[in-house]
Student: 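First, the structure itself, so that you have it in front of you.
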4 protein chains.
Amino acid sequence: MPKVGFEPIRKKQLIEATLLSIGEHGLQGTTINTISRFSGMSSGIISHYFGGKQGLIEATVRYLLDQLKATLLQLLSQADTSPQQRLMMIVEANFTNIQQSDAATRTWLSFWAQAMHDPELAKLQRVNSQRLLSNLRYSYKRLMPYDKAVDASKMTAAMIDGFWLRSALSDSSMVDFEESELLCKHFINTLILQYGDL
Amino acid sequence: MPKVGFEPIRKKQLIEATLLSIGEHGLQGTTINTISRFSGMSSGIISHYFGGKQGLIEATVRYLLDQLKATLLQLLSQADTSPQQRLMMIVEANFTNIQQSDAATRTWLSFWAQAMHDPELAKLQRVNSQRLLSNLRYSYKRLMPYDKAVDASKMTAAMIDGFWLRSALSDSSMVDFEESELLCKHFINTLILQYGDL
Amino acid sequence: MPKVGFEPIRKKQLIEATLLSIGEHGLQGTTINTISRFSGMSSGIISHYFGGKQGLIEATVRYLLDQLKATLLQLLSQADTSPQQRLMMIVEANFTNIQQSDAATRTWLSFWAQAMHDPELAKLQRVNSQRLLSNLRYSYKRLMPYDKAVDASKMTAAMIDGFWLRSALSDSSMVDFEESELLCKHFINTLILQYGDL
Amino acid sequence: MPKVGFEPIRKKQLIEATLLSIGEHGLQGTTINTISRFSGMSSGIISHYFGGKQGLIEATVRYLLDQLKATLLQLLSQADTSPQQRLMMIVEANFTNIQQSDAATRTWLSFWAQAMHDPELAKLQRVNSQRLLSNLRYSYKRLMPYDKAVDASKMTAAMIDGFWLRSALSDSSMVDFEESELLCKHFINTLILQYGDL
DNA sequence: GATGAATGAGGCTTCATTCAT
DNA sequence: GATGAATGAAGCCTCATTCAT
């Protein structure tokens with residue numbers, strides 16, 4: 001009987017423990033030991049599976065990016081979605097992700113700050129940033145002239161990221177996610193009304 | 001001959017060195033030693049003037065906040081500014097600040113990430129965040145109904161912060177500050193056109 | 001094969017190294033590094049096992065106190081000891097302890113000096129000081145009226161501590177432990193002769 | 001007009017400040033800065049007058065020793081003192097010194113602990129220790145045979161030091177100085193009664 | 001003479017990594 | 001595969017000393 005690969009299970013447990021630790025202690029306050037405590041495993045296993053702390057951090061970012069991607073794909077997979085509906089879904093996917101876990105939200109910011117001085121994280125960040133932009137542009141292009149669509153996607157991406165940033169930095173109780181989501185959607189509709197006669 | 005107070009001079013030198021260090025190594029990579037190397041002074045002087053690394057970090061944040069505030073005050077001090085002109089100036093002040101120094105821009109993000117787990121920085125962040133919001137609201141209220149003004153200021157603040165965030169995370173060469181600034185201004189004008197019949 | 005707990009072994013090694021270091025360099029001159037050099041281990045191990053230097057110092061005091069207690073218990077455990085014999089044994093236990101190790105003797109004084117400004121050490125010192133007093137009183141009470149016994153134990157404790165202090169402060173070669181011990185015993189016998197008709 | 005020597009005045013002020021600092025912070029907790037704060041003078045002056053911290057510490061010990069010596073000389077200078085009266089006075093001088101200042105008492109212990117690893121302090125300690133012994137012996141010899149006098153002075157010195165040590169280590173409120181002094185005197189009288197038929 | 005700003009060595013602690021079991 | 005004891009580099013802070021004024 002082949003030993004089932006414990007590896008993917010262990011890896012996922014360690015990534016989840018990393019998210020818990022960063023949510024509680026911040027990225028700076030997260031050490032090999034806090035992670036191993038959250039995971040219930042030994043500290044040595046981290047080097048064993050990820051080659052070191054840095055490797056685990058990067059794997060954790062990839063994990064979050066994949067989740068975001070999956071959320072979006074799931075929403076967009078529904079048949080017969082108009083470009084306008086798709087834009088709403090993109091907004092929803094981003095805000096759903098924010099609301100899912102306060103810890104994860106705060107974690108993103110830690111990662112991006114770190115990304116400024118870490119090429120590997122920077123690469124991941126760039127991919128993520130571009131994906132939002134191109135997703136938006138893809139739909140906008142179906143609703144308005146190209147140059148308007150380019151500007152619209154830039155403004156929309158900025159607004160989504162801005163609301164996200166402000167929520168990450170505020171007491172979670174102080175932010176009204178639903179309102180932020182509505183304002184974003186409202187903005188998109190305004191843009192479509194304004195330029196959307198194609 | 002008045003004995004010039006060396007204290008403010010030294011403090012400013014150390015704060016500038018801190019900005020240089022964070023710009024180059026990031027907040028995490030910035031140590032007592034990197035700062036003292038940039039400042040050309042000894043490591044002990046930091047504790048002497050700021051009571052420790054933490055004190056210097058906080059002083060540096062206050063320094064940046066004061067700069068931003070001063071930039072804005074200077075712009076707004078001009079007589080006969082219409083609400084619309086003031087809104088443009090708020091945008092300009094924020095983007096001027098961003099462009100002034102790549103190091104400073106990147107530094108902000110480091111600070112805000114740290115603020116999530118540092119009450120003192122969090123307080124400063126909150127003040128800064130609220131100031132932008134209330135400045136915007138103050139002018140919007142003169143142009144449109146109150147509830148519209150509230151929403152407009154939230155969206156505008158988010159867009160400004162979003163563009164700022166995206167610029168901090170990108171290679172400086174890749175971001176077109178002027179375009180971002182123009183898009184923000186365009187957005188504001190759109191809002192005014194839309195709701196601004198008061 | 002039972003996994004032998006290395007913890008108690010390492011802890012004892014570190015405590016012994018601490019005694020050696022204090023004996024040679026004094027408490028002030030004892031650092032994490034002198035201790036780790038004496039123990040042949042790394043400096044990090046101290047925080048690992050004792051949480052820090054302070055913890056190791058306190059554990060070392062407790063170790064010495066336990067040794068003194070054990071020496072006394074062993075002597076007093078012998079059956080059929082008269083109160084007078086017990087008093088002699090108390091004296092012997094204290095002087096045995098002194099003679100055992102020059103380093104330990106000197107160490108005590110360092111500890112007590114530190115105890116004046118360290119609540120945890122002060123607590124240990126108070127326990128030790130009271131124990132000698134109450135041990136003496138317990139036996140004296142069987143030989144003389146209560147108020148005489150109280151005074152006798154105070155004087156005896158003072159004399160023992162005084163001889164101990166003087167020996168700690170002298171070149172070890174200059175002090176005649178046996179003579180000090182004899183003088184203490186002689187003093188006790190005198191007291192018993194004087195008041196001991198109960 | 002010759003400038004009056006400020007030197008002795010400054011020196012005394014610094015020594016007094018040293019005693020205050022050690023009383024409050026302990027010898028370990030006493031730094032150049034705590035002393036200069038207590039003295040109201042600059043930190044640099046210490047090196048100027050005493051060559052360094054070590055020099056000031058030693059001067060402070062000499063100051064205390066001189067005070068003790070002076071107290072004793074003053075008491076003994078009275079004409080027509082019998083040997084027995086002189087012994088009482090020696091006890092009184094020692095306990096007067098203790099009671100004078102809680103800070104000074106605690107200071108002594110710090111010094112003696114340090115003396116174990118500081119040749120200069122050790123020398124001073126030895127002188128002080130021998131002086132008490134020889135003062136006692138001088139008087140005892142007039143009251144009893146030489147060998148008895150030698151033993152008597154050793155025991156008396158030990159008892160005085162022992163009570164002093166116990167008082168230094170206790171909460172000042174817990175120690176009854178008067179009782180300790182009486183017990184010492186009582187002990188001396190007993191010795192004289194016992195052997196004093198010369 | 002007197003100051004106190006500035007230095008920098010050295011202390012304690014933290015923590016990612018290694019490796020014998 | 002998995003552990004966690006042990007290492008030691010590096011960080012921050014303290015503080016005696018120096019020296020220009």
Side-chain angles (χ1 to χ4, degrees), chain A residues 3 5-7 10 28-37 40-57, chain B residues 1 3-7 9-10 14 28-36 39-57, chain C residues 1 3-7 9-10 14 28-36 39-57, chain D residues 3 5-7 10 28-37 40-57:
Chain A
K3 254 193 190 153
F6 272 98
E7 187 169 321
R10 294 266 187 268
Q28 283 223 48
T30 289
T31 70
I32 288 283
N33 280 317
T34 63
I35 295 170
S36 60
R37 215 167 299 137
M41 298 155 89
S42 77
S43 64
I45 199 126
I46 289 172
S47 291
H48 191 266
Y49 276 132
F50 295 95
K53 185 192 180 185
Q54 181 69 6
L56 175 52
I57 297 295
Chain B
M1 193 174 61
K3 228 178 209 169
V4 191
F6 268 89
E7 186 168 326
I9 297 174
R10 293 277 179 269
L14 287 168
Q28 282 223 47
T30 289
T31 72
I32 288 283
N33 281 319
T34 64
I35 294 170
S36 60
S39 72
M41 299 154 92
S42 75
S43 65
I45 202 85
I46 290 172
S47 291
H48 187 263
Y49 279 124
F50 294 96
K53 187 193 180 186
Q54 180 71 3
L56 175 52
I57 296 295
Chain C
M1 188 175 61
K3 229 179 211 170
V4 192
F6 269 91
E7 185 169 325
I9 297 174
R10 292 280 179 266
L14 286 169
Q28 282 223 44
T30 289
T31 72
I32 289 282
N33 281 319
T34 63
I35 294 170
S36 60
S39 72
M41 298 154 91
S42 75
S43 63
I45 200 86
I46 290 171
S47 290
H48 187 263
Y49 279 124
F50 293 97
K53 186 191 181 189
Q54 181 71 4
L56 174 52
I57 297 295
Chain D
K3 257 198 188 148
F6 271 99
E7 185 168 325
R10 293 266 187 268
Q28 282 223 48
T30 288
T31 71
I32 288 283
N33 280 318
T34 63
I35 294 170
S36 60
R37 215 168 299 138
M41 297 154 89
S42 77
S43 64
I45 199 124
I46 289 171
S47 291
H48 191 267
Y49 276 133
F50 294 97
K53 185 190 181 186
Q54 181 71 6
L56 175 52
I57 296 295

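Just so it is clear, the model here is predicted, and its values are computed rather than measured. The chains referred to below are lettered A, B, ... by the order of the sequence lines, with proteins before strands, and numbering in each begins at 1. As a basis for the values below, the full set of heavy atoms in this structure was taken, side chains included, without hydrogen atoms, waters or symmetry mates.
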Student: Think Arg10(D) has a side-chain N or O under 4.0 angstrom from the OP1 or OP2 of dA2(E)?
Tutor: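 Answer is yes, contact under 4.0 Å.
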Student: Does anything in residues 40-55 of chain D reach DNA chain F, meaning a heavy atom under 4.0 Å, and if so which residues?
Tutor: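 The answer is Ser47(D), Gly52(D), Lys53(D).
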Student: Which heavy atom in Phe50(B) sits nearest to a heavy atom in Leu14(B), and how many Å separate them?
Tutor: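 Shortest heavy-atom contact: CE1-CD1, 3.7 Å.
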Student: Drop me the distance from Ser36(D)'s OG to Ile45(D)'s CD1, to the nearest 0.5 angstrom.
Tutor: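 Ser36(D) atom OG to Ile45(D) atom CD1 measures 10.5 Å (nearest 0.5 Å).
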Student: Identify all stems in which DNA chain E takes part, counting only runs of at least 3 consecutive pairs (Watson-Crick or G-U wobble, each distance under 3.5 Å), and give each as one range with another, ordered by first number.
Tutor: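 When the pairs of DNA chain E are grouped into runs of at least three, the stems are E:2-21 with F:2-21.
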Student: Sequence neighbours excluded, which residues qualify as side chain to side chain donor-acceptor pair (under 3.5 Å) partners of Thr34(C)?
Tutor: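 Per chain and number, Thr34(C) pairs via side chain to side chain donor-acceptor pair (under 3.5 Å) with Ser21(C).
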Student: Only counting residues at least two apart or in another chain, list the ones meeting side chain to side chain donor-acceptor pair (under 3.5 Å) with Ser43(A).
Tutor: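 Counting only residues at least two positions away or on another chain, Ser43(A) forms no side chain to side chain donor-acceptor pair (under 3.5 Å).
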Student: If only atom types and distance count, is the side chain of Ser47(B) paired as donor or acceptor with the main-chain N or O of Gly44(B) below 3.5 Å?
Tutor: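 Not confirmed, Ser47(B) side chain does not pair with Gly44(B) backbone.
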Student: Which distance, rounded to the nearest 0.5 Å, do you find between the CD1 of Ile35(C) and the CD1 of Ile46(C)?
Tutor: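 With rounding to 0.5 Å, CD1 (Ile35(C)) is 4.5 Å from CD1 (Ile46(C)).
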Student: Test Arg10(C) against Met41(C) for side chain to side chain contact (heavy atoms under 4.5 Å, CB included), laying out the working first.
Tutor: CA-CA 9 Å; Arg10(C) 292 280 179 266; Met41(C) 298 154 91; 2.8 Å; yes
Student: From CD of Gln28(B) over to C1' of dT14(E), roughly how many Å is that when rounded to an integer?
Tutor: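 Interatomic distance, CD of Gln28(B) to C1' of dT14(E): 14 Å.
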Student: Leu56(C) CG to dG11(E) P: how many Å, rounded?
Tutor: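 The answer, rounded to whole Å, is 16 Å.
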Student: Applying side chain to side chain donor-acceptor pair (under 3.5 Å), name anything that partners Gln54(D), two or more places apart in sequence or on another chain.
Tutor: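 With sequence neighbours excluded, Gln54(D) shows a side chain to side chain donor-acceptor pair (under 3.5 Å) to Glu58(D), Asp118(D), given in chain and number order.
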Student: Rounded to the Å, how far apart are Asn33(C) CG and dT13(E) P?
Tutor: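 Asn33(C) atom CG is separated from dT13(E) atom P by 12 Å.
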Student: Measure from CD1 on Ile57(B) to C1' on dC12(F) and round the result to the nearest Å.
Tutor: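 Rounded to whole Å, this separation is 12 Å.
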Student: So what does Ile32(A) touch, heavy atoms closer than 4.0 Å: a base, only the sugar-phosphate, or nothing?
Tutor: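 Touches a base.
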Student: Between dT3(E) atom P and Arg37(D) atom CZ, what is the distance in whole Å?
Tutor: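 Spelled out: CZ on Arg37(D) to P on dT3(E) is 15 Å.
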